[in-house]
Amino acid sequence: MTLAEAILAAHVGAPVHPGQLIDVPVDLVLANDITAPIAIREFEKIGVGKVFDRDKVVLVPDHFTPNKDIPSAEQCQQVRLFARRQELTHYFEVGRLGIEHVLLPEQGLVVPGDVVVGADSHTCTYGALGAFATGMGSTDIAVAMATGRIWMKVPPTFRFIYRGERRPWVGGKDLILYTIGKIGVDGARYMAMEFAGPAIESLPMDDRFTMSNMAIEAGGKAGLIAVDDVTRAYLAEHARRPYREFRSDPDAVFAETLEIDVSEIEPQVAFPHLPSNTRPISQVGNIPIDQVVIGSCTNGRIGDMRLAAEILRGRSVHPNVRCIVIPGSQEVMRQMIREGLAEVFLDAGAAISTPTCGPCLGGHMGILAAGERCVSTTNRNFIGRMGHRTSEVYLAGPAVAAASAVLGRIAGPDELPAPWA
C-alpha cells in the first residue's frame, strides 16, 4: 500500500484500496471561527449532547480575530461558548493562539499516523508529519464531532519525486508552486499527493509544512511526506503522545508518478488569478506593487520569518509599499522578538500583526483596494481573494516577498544591492 493507504488501513483494521468507501475513526477534529458555527448548529441537531471526546475536538478562532467587527465577534462568541459548554481541552483564545495549521503541529496535537479532519481546506498541512489530514465541510465535521468517525473514499496516490540540489533562495513554496504550475489546479484532484526524494529529505520542516499545505491547490485530498530524521527531530520537541510511522511499500501502486529536478527551479511567482499560473522570477518582468504580506498558514513559521528578515536587515521597505508581517503563532512572535527579527522588520518600515489569517481570505489587516497589487506568501490568489475584485495577488515565498517589498516591484533577492550601497 501507499503511505496514505497504510494509515487509513491501520485505522479501519483491514487493507484498503483506491475508490473504496470506508468508515474511519479519527484522531483529531478541527474547526475555526468561520466554519465552527455551522458545524455547531448541525451538531446540536444530532442531539447527542456531548462531543465524542473533548480531548480530540480542537477549535481555533483565527480567521477574523482579533474580532474585526460585530458579526465576527458574534461568530467567535458562538465558538467560545460551545467550547466552554463542551469543556474542550483544546480551545485557543486570542492571545494564546495562532493560525490553526501553524498552531496544531507546534502544540504537538498532530503526530505521524494520525487521521485528522478539519473544516478548513488547508488541513492537509499536517501531512508533512506523516499523518493523513484532509479538509471537509462543516456538516461532515459536525458528525465527526458527535461520533469520532467519518466516511470517505480512499484516494489514489500521485507520487512526486524531487531530485537535485536547490538553488539559492528556493524553498518549499517554490517547489510546490512549480509543481502546481506543471500539473494544474486539478492535476491531483481527489488524490493523495506524496512528496518524496532526496530534495524533500533535505528540506526543513517549515518548508515541508508549506508543501503539504498547498496540496489542495492542485486538487489534492492530502499531501503527505514520510517520517524521517528531520521529522523525528521536530517531534522530539513538539509531540505530546506516542506515534506510529508509516511509509509506502516498495511494491505500492501509484496512480501517477512525476520526477522533478529541483536544480532547474528558480524562485517562483504565481500570477493572478490561479496558483498554477506560475513563472520563474527571471520571467516576471517589471510589475510595480502596493503591498507585501509575509505570513499565513503557508509561510508564517519562524523559518519564513528568519528568511524574510535576512533580506530586510539593513534595508528599507519601498516608500510606495505597505509590508505586513504576520507571525503564524504567539510562539513564532515570541521567537521573532528573542532573535531580534521583530526589530529588523520594524527598522525596515514593516508593520507586524498579531497572529491571524487576516488578509489571506480578505478578512482584515491588509485588504486591497481597486487595482492594487500584492505579493503574498499566502496560498490563494483567486479574484477578489484579498479585497477588491480588480486587485491582484501574486503568490511567492518569503525571499521574493521581502525583496519585492524593498524594490517596490516583484523581484528576487539577487536583484538587491548590498545594504550599505
Side-chain angles (χ1 to χ4, degrees), residues 1 3-16 20-62 78-92 100-101 103-105 107-127 129-155 190 192 221-222 224 238-246:
M1 291 184 291
L3 171 55
E5 293 160 11
I7 295 171
L8 295 174
H11 280 69
V12 301
V16 301
Q20 178 183 357
L21 289 172
I22 56 175
D23 185 282
V24 191
V26 298
D27 299 287
L28 214 63
V29 182
L30 169 69
N32 57 53
D33 52 311
I34 291 181
T35 60
I38 303 167
I40 290 166
R41 287 196 298 272
E42 296 306 310
F43 172 86
E44 289 172 347
K45 292 178 185 177
I46 297 171
V48 294
K50 289 290 186 180
V51 298
F52 81 104
D53 188 329
R54 70 187 191 94
D55 294 329
K56 294 184 178 181
V57 175
V58 182
L59 297 181
V60 185
D62 59 357
Q78 289 181 56
V79 179
R80 184 180 302 116
L81 295 177
F82 179 80
R84 289 176 186 171
R85 288 196 305 272
Q86 295 290 330
E87 300 179 310
L88 299 186
T89 307
H90 304 299
Y91 166 72
F92 294 92
E100 55 196 326
H101 306 311
L103 185 70
L104 267 61
Q107 294 292 314
L109 298 181
V110 180
V111 296
D114 279 355
V115 171
V116 181
V117 293
D120 187 276
S121 57
H122 293 105
T123 301
C124 50
T125 303
Y126 316 130
L129 290 170
F132 187 95
T134 192
M136 289 189 164
S138 293
T139 49
D140 287 310
I141 293 304
V143 175
M145 291 196 303
T147 67
R149 307 185 72 86
I150 57 162
W151 71 270
M152 64 175 291
K153 184 167 65 173
V154 177
Y190 208 90
K221 181 72 172 174
L224 298 100
H238 297 279
R240 290 192 181 187
R241 51 190 166 86
Y243 57 87
R244 184 178 174 189
E245 298 180 13
F246 295 89

[X] vs [Y] side-chain heavy atoms within contact, under 4.5 Å:
{"X": "Val115", "Y": "Ile7", "value": "yes"}
{"X": "Arg41", "Y": "Gln78", "value": "yes"}
{"X": "Phe52", "Y": "Val29", "value": "yes"}
{"X": "Met152", "Y": "Leu8", "value": "yes"}
{"X": "Tyr91", "Y": "Pro61", "value": "yes"}
{"X": "Phe246", "Y": "Pro112", "value": "no"}
{"X": "Val58", "Y": "Glu100", "value": "no"}
{"X": "Thr134", "Y": "Thr123", "value": "no"}

Would you please say whether a donor-acceptor pair under 3.5 Å links the side chains of Asp62 and His101?
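Side chains of Asp62 and His101: no pair found under 3.5 Å.
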Do the side-chain N and O atoms of Thr35 and Asn32 include a donor-acceptor pair separated by under 3.5 angstrom?
yes
Pair Val57-Phe43, side-chain contact (heavy atoms from CB on, under 4.5 Å): steps then yes or no
CA-CA 12 Å; Val57 175; Phe43 172 86; over 6 Å; no
Counting N and O atoms only, with roles assigned by atom type, does the side chain of [X] sit under 3.5 Å from a partner on the main chain of [Y], one being a donor and the other an acceptor?
{"X": "Arg54", "Y": "Glu87", "answer": "yes"}
{"X": "Gln86", "Y": "Val51", "answer": "yes"}
{"X": "Arg241", "Y": "Leu109", "answer": "yes"}

Looking only at heavy atoms, what is the nearest atom pair of [X] and [Y], with distance?
{"X": "Pro155", "Y": "Ala192", "result": "CB-N, 3.8 Å"}
{"X": "Ala133", "Y": "Ala222", "result": "O-CB, 3.6 Å"}
{"X": "His238", "Y": "Pro105", "result": "CB-O, 3.7 Å"}
{"X": "Ala142", "Y": "Glu42", "result": "CB-CB, 3.6 Å"}

Is it the case that atom NZ in Lys153 sees more than 12 heavy atoms from other parts of the structure closer than 6.0 Å?
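Atom NZ in Lys153 is not crowded, with 12 or fewer foreign heavy atoms closer than 6.0 Å.
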Once rounded to the nearest 0.5 Å, what's the spacing between atom [atom1] of [X] and atom [atom2] of [Y]?
{"X": "Leu81", "Y": "Ile40", "atom1": "CG", "atom2": "CD1", "answer": "9.0 Å"}
{"X": "Asp27", "Y": "His11", "atom1": "CG", "atom2": "NE2", "answer": "3.5 Å"}
{"X": "Met136", "Y": "Leu30", "atom1": "CE", "atom2": "CG", "answer": "13.0 Å"}
{"X": "Ile141", "Y": "Ile150", "atom1": "CD1", "atom2": "CD1", "answer": "8.0 Å"}

Identified side-chain contact (heavy atoms from CB on, under 4.5 Å) counterpart of Leu28 within the set Asp55, Val117, Val116:
Val116
Residues Asp114, Lys56: salt bridge by 4.0 Å N-O rule
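No.
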Phe132: ring pair (Phe, Tyr, Trp, His ring centres under 6.0 Å) partners, not counting sequence neighbours:
none
Going by side chain to side chain donor-acceptor pair (under 3.5 Å), name the pairs with one or both residues in residues 135-151, residues two or more places apart or in two chains.
Asp23-Arg149
